[in-house]
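Have a look at the structure below before the remarks.
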Amino acid sequence: MRQKIAGAIYTEVDVRASHPAMLQARLASVGKRIPLLDEWVRDKKAAIAEIGTEIRSRHGVFKSGDEIKELVLAMLNGASAEKWVREKWGVLGAPPRLARFAKDMQTARAHVHLWFPEIWSNTEGAGSDYKRRSRAVHQMMTSLEDAVLEAMREALPKFGVQCDALTGDGLLARPICEAATPLPRVLEALETEVLSKTGVAVKLAGKTLDGNEATSWPTRVYAS
């Protein structure tokens, strides 16, 4: 539907592996790391493939990349890997990489009040201790993501491009003049801008509004 309505006008500038990248950056700022986050941000497809191989080896079942991605992102927000694979996948026991990731996320939640006291203070009244800790980790990711998207939005006009809406982990952009910088160069420049302003080394991609890769701007509409 989005493609039919606005696909000839907008390109989505997407932050790849956005929440994993944000959490990785937050943890790095206090000298901590989670191996699966590093793998995911470096090469998400390879990380998914390795998890899928472990699942097939351990349980003899195939899980698609989308299914694995759904679980990993849910675990970022407090989901139990053991419960998920049992209830949704019908298998007992999470594969080794996901089991280690579960322990690493448990450690992050357990220390969030020490590592990020300013974020912890913002989650007062969020419910049980577990809910509050999960909320704090979520806020760690989304607040940094907001800063990243704002840096991108502010920089776009320098390239003859305008952001008209956010999409969660990206933004909808359109050229506003004939001299607009080509999309690949804009993506590279935005990565540099984000790193300079936020300290986060993001990887950006262009997408059409139906989710396919975009390598150039669509039909240009220059009215500002």
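The CD atom of Q24 sits 15.5 Å away from atom NZ of K32, with the distance rounded to the nearest 0.5 Å. Here the NE2 atom belonging to H19 is positioned 8.5 Å from the CG atom belonging to L73, to the nearest 0.5 angstrom. Within the model, atoms CG of N77 and CE of M141 stand 4.5 Å from one another, a figure rounded to the nearest 0.5 Å. With values rounded to the nearest 0.5 angstrom, F62 atom CZ is found 6.5 Å from R56 atom CZ. Between atom OG1 of residue T53 and atom CD1 of residue I48 there is a gap of 12.0 Å, rounded to the nearest 0.5 Å.
Of the listed residues (T181, L190, I176), just one forms a side-chain contact (heavy atoms from CB on, under 4.5 Å) with L156, and that residue is L190. Exactly one of R133, R132, K131 qualifies for a side chain to side chain donor-acceptor pair (under 3.5 Å) with D129. That residue is R133.
For R135, the CZ atom is loosely surrounded, since the number of other residues' heavy atoms within 6.0 Å does not exceed 12. More than 12 heavy atoms of other residues, nucleotides or ligands lie within 6.0 Å of NZ in K197, so this atom counts as buried by the packing criterion.
In this structure, M1 belongs to a hydrophobic cluster whose other members, linked by side-chain heavy atoms under 4.5 Å apart, are I5.
Looking only at distances, a side-chain donor or acceptor of T142 sits under 3.5 Å from a matching main-chain atom of H138. The backbone N or O of I55 lies less than 3.5 Å from no partner atom in the side chain of H59, so there is not a single donor-acceptor pair. K69 contributes no side-chain N or O that, together with a main-chain N or O of S64, makes up a donor-acceptor pair within less than 3.5 Å. Under a 3.5 Å cut-off, the side chain of S134 and the backbone N or O of Y130 do form a donor-acceptor pair.
In this view, R153 and E150 satisfy the salt bridge (charged side-chain N to carboxylate O under 4.0 Å, His left out) rule, not counting sequence neighbours. With sequence neighbours left out, T198 forms a side-chain hydrogen bond (donor to acceptor under 3.5 Å, both in side chains) with no residue at all.
Shown here for V161 and A173, the closest heavy-atom pair between the two residues is CG1-CB, 3.7 Å. Residues L195 and A201 come closest through the heavy atom pair CD1-N, 3.9 Å. Nearest heavy atoms, A81 versus L71: CA-CD1, 4.4 Å. Here the closest non-hydrogen pair linking A155 and E193 is CB-CG, 3.7 Å.
Following chains of ILVMFWY side-chain contacts shorter than 4.5 Å, one cannot reach L36 starting from V41, and the two form parts of different hydrophobic clusters.
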Output a table of donor-acceptor pairs, distance under 3.5 Å, between side-chain atoms of residues 114-122 and any protein atom two or more places apart or on a different chain; print 'none' if there are none.
unit_1 : atom_1 : unit_2 : atom_2 : d
S121   : OG     : E118   : O      : 2.8
N122   : ND2    : E118   : O      : 3.3
N122   : ND2    : Q139   : OE1    : 3.3

Using a 3.5 Å cut-off and no angle test, enumerate the donor-acceptor pairs between side-chain atoms of residues 8-16 and protein atoms at least two apart in sequence or in another chain.
unit_1 : atom_1 : unit_2 : atom_2 : d
Y10    : OH     : D164   : OD2    : 2.6
E12    : OE1    : R2     : NH2    : 3.4
E12    : OE2    : T167   : OG1    : 2.9

Please report, to 0.1 Å, the donor-acceptor pairs under 3.5 Å made by any side chain of residues 83-106, with sequence neighbours excluded.
unit_1 : atom_1 : unit_2 : atom_2 : d
R97    : NE     : E50    : OE1    : 3.2
R97    : NH1    : E54    : OE2    : 2.7
R97    : NH2    : E50    : OE1    : 3.0

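In this structure, L37 and L76 have side chains that are in contact, with non-hydrogen atoms separated by less than 4.5 Å. Side-chain contact between L209 and L172: present, with at least one pair of heavy atoms (C-beta onward) separated by less than 4.5 Å.
Side-chain atoms of T208 and D210 form a donor-acceptor pair, as typed in the model, at a separation below 3.5 Å.
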